[in-house]
Amino acid sequence: MIYRKEIDGLRAIAVLSVVLFHGGFLGFNGGYVGVDIFFVISGYLITNIILEDKKNNNFSIINFYERRARRILPALSMVLMVTTTAAYLFMPVELLAIYSKSLISITAFSSNIYFFFSNGYFSPVSDTNPLLHTWSLAVEEQYYFIFPVVVMLFWSFGKNILLIIIIIIAIISLLITQILLFRHAVDANFYLIFSRAWELLFGSIIAFIPIQKLQTSRLAREFLGGCGLIMICYSVVFFDDKTPFPSFYTIIPVLGACLIIVFSSSVSYTGRFLSNKILVPIGLISYSLYLWHQPLFSFLRLKSIGEPSLYMYLVAILFSFIIAFFNWKYIEKPFRNKSVFTRSAIFKCSGLSIIFFFLIGLLGYINNGFSQRYNSYSSSIQYSPKRESCHTKGNDFLKPENACKYFSNNVTWATFGDSHTVELAYTLAKRLEKHNAGLLQLSFSGCPPALLFEAARDGCTKWLNESLTYLEKDKTIKQVLLGFRYTGFLYGSQLDMYPNLPRISLDHPFFSSHHNIGAEGFQEIYWNSLKAIVSRLLKAGKDVYLMYPVPELPLDINMAVMPFSVFNTTTMLNLGRVTDKKYYINRNEYILKKLDSLPFGNKLHAIKPFEIMCTDGYCPAVVNGKALYFDDNHLSLAGAKLISDSILMN
């Protein structure tokens, strides 16, 4: 196959887009489309190789997998070796356990499936996972397993029939993308091969086009190649984490890549731009650069309080380039050379590498993240044992009449709200058990007090209305503890911005209506809904205990309680003085003023976690050797017990 410099230039555009997107650089909000460009390139090149071998009657499935093993596994193995060592030295227990599971999934070529089941690509947890980016390698590997088989099965019917079958499969895959999108199956749509195959197959389809024999004018080639580059640039700049993806929107960068591959050449303007002396070398090391940047970024985030600075990201990118160059020169190139490493050597090394990393991952998983590395507070980082079975979400939510009641049949209390009430429900019920009283837990994941507006989170508004009506009708329940993560909903997470405050999002992801009322309008609808819930509960004769905001940590408790590495004993934060009063008041200014305006008295009681947990103007993360949180904003059982004890004492 003829080497085309412009394809390496296109690889450079793809990898730079991804790297700068992960670094949070302005103008690269849609840089994740770089992965889609890689998919098109892979589909095109792989299909070209197979078609050429079939044409010359020398196609061999063994040869095909040998090429893929030479291309993918040596560089990946080096990254896994270094990253696994760093994970053991620097990662907290919980994250190392998660890392171990992702390592196992990589050896099974199924990390995309693992990440689908564990977390979303845009979630905060993803930022500290060094192997998250391997989901795209898994998608390609699954394509490599399936596509050659399809070609062999239908080759005897002729190239035209084979092309038609590929087009049909691509259309089906694209339709699956839209179906999953309409069903709000965001993670399945993002990670799984069924909704990603069409991107690779678009590359396969254009491989059937005899590019060298195309009868198109120079002007048409220039125009179409230029359009392709513009489409990619548009996607990188104007797409963001709110763009439905993958979807029909994804056709823009995918088609853009196809147009460049088909209509650009070394003599066209677009081809010459992509073939310049800066982009081509970056394209040559693009695979290694893609592999290395995410581990460096994730460990940088792991050891930073708040989001790392632009300067730190630039340093990390520089290191990524340096390491990628050496990885390309001393790992990638030698292993691709058949005179240096024979087929037998490649398959043996690949097999040993897979077994080795599988066993290392299994060892980390069985040993629960090697907790013996630290004398830590990990054992006290506990959430409610009822969280999995009693905390609900989605359209098939747990109906209020079927909700969990514990630890007595004499149910006189209820907790009502989002996930911030789950641990409070359990610790409160434990205290009530001593008085032969029980508790009803009504909690819905990420659900705001959506009484007067429709929340975009599936099932939330319906659940809230049904639960409130149920509480009004149940005369045996006398007391209700009500709470939500107010500020987190209105302003977003504090983690990326700390110690600065997150800005209001005018395009709020939780509202499915009221899109044109602005930030202040959102706030007022939210507050009026909360106030209406309180009013209805009071009218129903309930004693209402209204939770004020829980103080948030600047980073996850699992990282906060750990030393910098296994060689240190000092934690990253002073665990007794973490969140200061000034930050708490500024962060929660809006909701604090609103809550303070309520007529607290005999029936309406204010529960103020800051006053209960914090002293001398600071809130601790650990008290008496026990962690008060199980992440950065949810109270652990130990933290919730402080609040529950205070409620019943008063």
Side-chain angles (χ1 to χ4, degrees), residues 380-392 398 400 402-445 447 449 463-464 467-468 470-472 474-486 530 533-534 537-538 540-551 595 600 602-614 619 623-624 626-631 633-650:
S380 66
I381 302 175
Q382 297 177 343
Y383 52 79
S384 169
K386 299 285 187 180
R387 178 171 275 270
E388 297 297 327
S389 57
C390 300
H391 185 48
T392 194
L398 193 63
N402 299 322
C404 293
K405 297 177 181 179
Y406 50 89
F407 290 99
S408 169
N409 293 326
N410 179 30
V411 178
T412 59
W413 276 78
T415 55
F416 183 30
D418 62 12
S419 58
H420 273 216
T421 64
V422 176
E423 282 58 45
L424 289 167
Y426 186 82
T427 54
L428 190 57
K430 275 292 185 184
R431 282 293 302 267
L432 291 170
E433 185 180 17
K434 299 175 183 178
H435 305 283
N436 193 33
L439 178 142
L440 169 69
Q441 178 185 326
L442 295 171
S443 62
F444 191 107
S445 181
C447 187
W463 169 85
L464 188 129
S467 298
L468 181 56
Y470 181 86
L471 288 172
E472 288 174 317
D474 192 328
K475 302 304 180 183
T476 61
I477 294 175
K478 306 298 183 183
Q479 293 91 12
V480 177
L481 174 63
L482 180 67
F484 298 89
R485 192 185 180 195
Y486 316 102
L530 178 62
I533 292 171
V534 173
L537 289 172
L538 290 172
K542 312 297 183 185
D543 282 321
V544 179
Y545 294 80
L546 183 57
M547 280 283 292
Y548 273 55
V550 172
L595 291 173
F600 292 105
N602 291 332
K603 300 293 287 184
L604 180 61
H605 312 276
I607 307 301
K608 300 183 178 182
F610 188 91
E611 294 182 3
I612 297 168
M613 299 168 59
C614 313
C619 299
V623 170
N624 297 327
K626 293 184 177 181
L628 302 185
Y629 297 81
F630 71 79
D631 57 13
N633 65 90
H634 290 89
L635 294 175
S636 65
L637 289 178
K641 186 176 183 298
L642 292 177
I643 308 299
S644 300
D645 289 350
S646 177
I647 291 171
L648 293 183
M649 284 173 62
N650 295 323

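Computed from a prediction, not measured in an experiment: that's the story for all the values here. Residue numbers start at 1 and run along the sequence shown.
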_Let me confirm one number: the CZ-CD distance from F630 to Q382, rounded to the nearest 0.5 Å._
11.5 Å
_Within the 3.5 Å criterion, strictly below it, is a donor on N410 or S408 matched to an acceptor on the partner's side chain?_
no
_Validation row: R431, I647 side chains within 4.5 angstrom (heavy atoms)_ = no
*Can you tell if the side chain of I612 reaches within under 4.5 Å of the side chain of I607, non-hydrogen atoms only?*
yes
*asked:* Ignoring hydrogens and geometry beyond distance, is a side-chain donor-acceptor pair present between S419 and H634 at under 3.5 Å?
replied: yes
*Indicate the atoms forming the closest heavy-atom contact of T415 with A425, along with that distance.*
OG1-CB, 3.3 Å
_I want to check something: taking the side chain as every heavy atom from C-beta on, are L439 and K405 in contact at a cut-off of under 4.5 Å?_
no
_Does N624 have more than 12 heavy atoms from other residues, nucleotides or ligands lying within 6.0 Å of its CG?_
no
*State the OG-CG distance between S443 and L424, to the nearest 0.5 angstrom.*
10.5 Å
*Please report the shortest heavy-atom distance between L464 and P449, naming the atom on each side.*
CD1-CA, 3.7 Å
*Between A403 and L398, which heavy-atom pair has the shortest distance, and what is it?*
CA-CD2, 3.8 Å
*Can you tell me if OH on Y383 sees more than 12 non-hydrogen neighbours from other groups inside 6.0 Å?*
no
*Would you check if the side chain of T421 reaches a backbone N or O of D418 as a donor-acceptor pair within less than 3.5 Å?*
yes
*With sequence neighbours excluded, tell me which residues meet salt bridge (Lys or Arg N to Asp or Glu O under 4.0 Å) with K603.*
D543
_Point-to-point distance, once rounded to the nearest 0.5 Å, from CG of L637 to NZ of K626_ = 10.0 Å
_I'd like to check W463 versus T392 (side-chain heavy atoms, cut-off strictly below 4.5 Å). Are they in contact?_
yes
*When rounded to the nearest 0.5 angstrom, what distance separates OH in Y629 from OG in S380?*
13.5 Å
*Do K430 and F407 come within less than 4.5 Å of each other through their side chains, counting heavy atoms only?*
yes
*asked:* I'd like to check the side-chain hydrogen bond (donor to acceptor under 3.5 Å, both in side chains) partners of T427; sequence neighbours left out, ordered by chain and number.
replied: S644
*Search all heavy atoms of I477 against all heavy atoms of W413 and return the closest pair with its distance.*
CG2-C, 4.1 Å
*Mind checking what makes side chain to side chain contact (heavy atoms under 4.5 Å, CB included) contact with N602, not counting sequence neighbours?*
none
*A627 to I381 - nearest heavy-atom pair and separation*: CB-CG1, 3.7 Å
*Please list, chain by chain and in numerical order, all residues satisfying ring-ring contact (aromatic ring centres under 6.0 Å, His included) with Y486, sequence neighbours excluded.*
none
_Quick check: do M547 and I643 have side-chain heavy atoms less than 4.5 Å from each other?_
yes
*Quick one: list whatever passes side chain to side chain contact (heavy atoms under 4.5 Å, CB included) with V534, sequence neighbours left out.*
L482, L538, L546, L604
_Residues which pass salt bridge (Lys or Arg N to Asp or Glu O under 4.0 Å) with K641, listed by chain and number, not counting sequence neighbours_ = D645
*Out of curiosity, F444 CZ to H391 NE2, how far, rounded to the nearest 0.5 Å?*
8.5 Å
*Report the distance from atom SG of C404 to atom CD of Q441, rounding to the nearest 0.5 Å.*
6.0 Å
*Take V480 and L442, measure what side-chain contact (heavy atoms from CB on, under 4.5 Å) needs, and give me the verdict at the end.*
CA-CA 10 Å; V480 177; L442 295 171; over 6 Å; no
*asked:* A side-chain contact here means heavy atoms from C-beta on lying under 4.5 Å apart; do L468 and L537 qualify?
replied: yes
*P609 versus P549: any side-chain heavy-atom pair under 4.5 Å?*
no
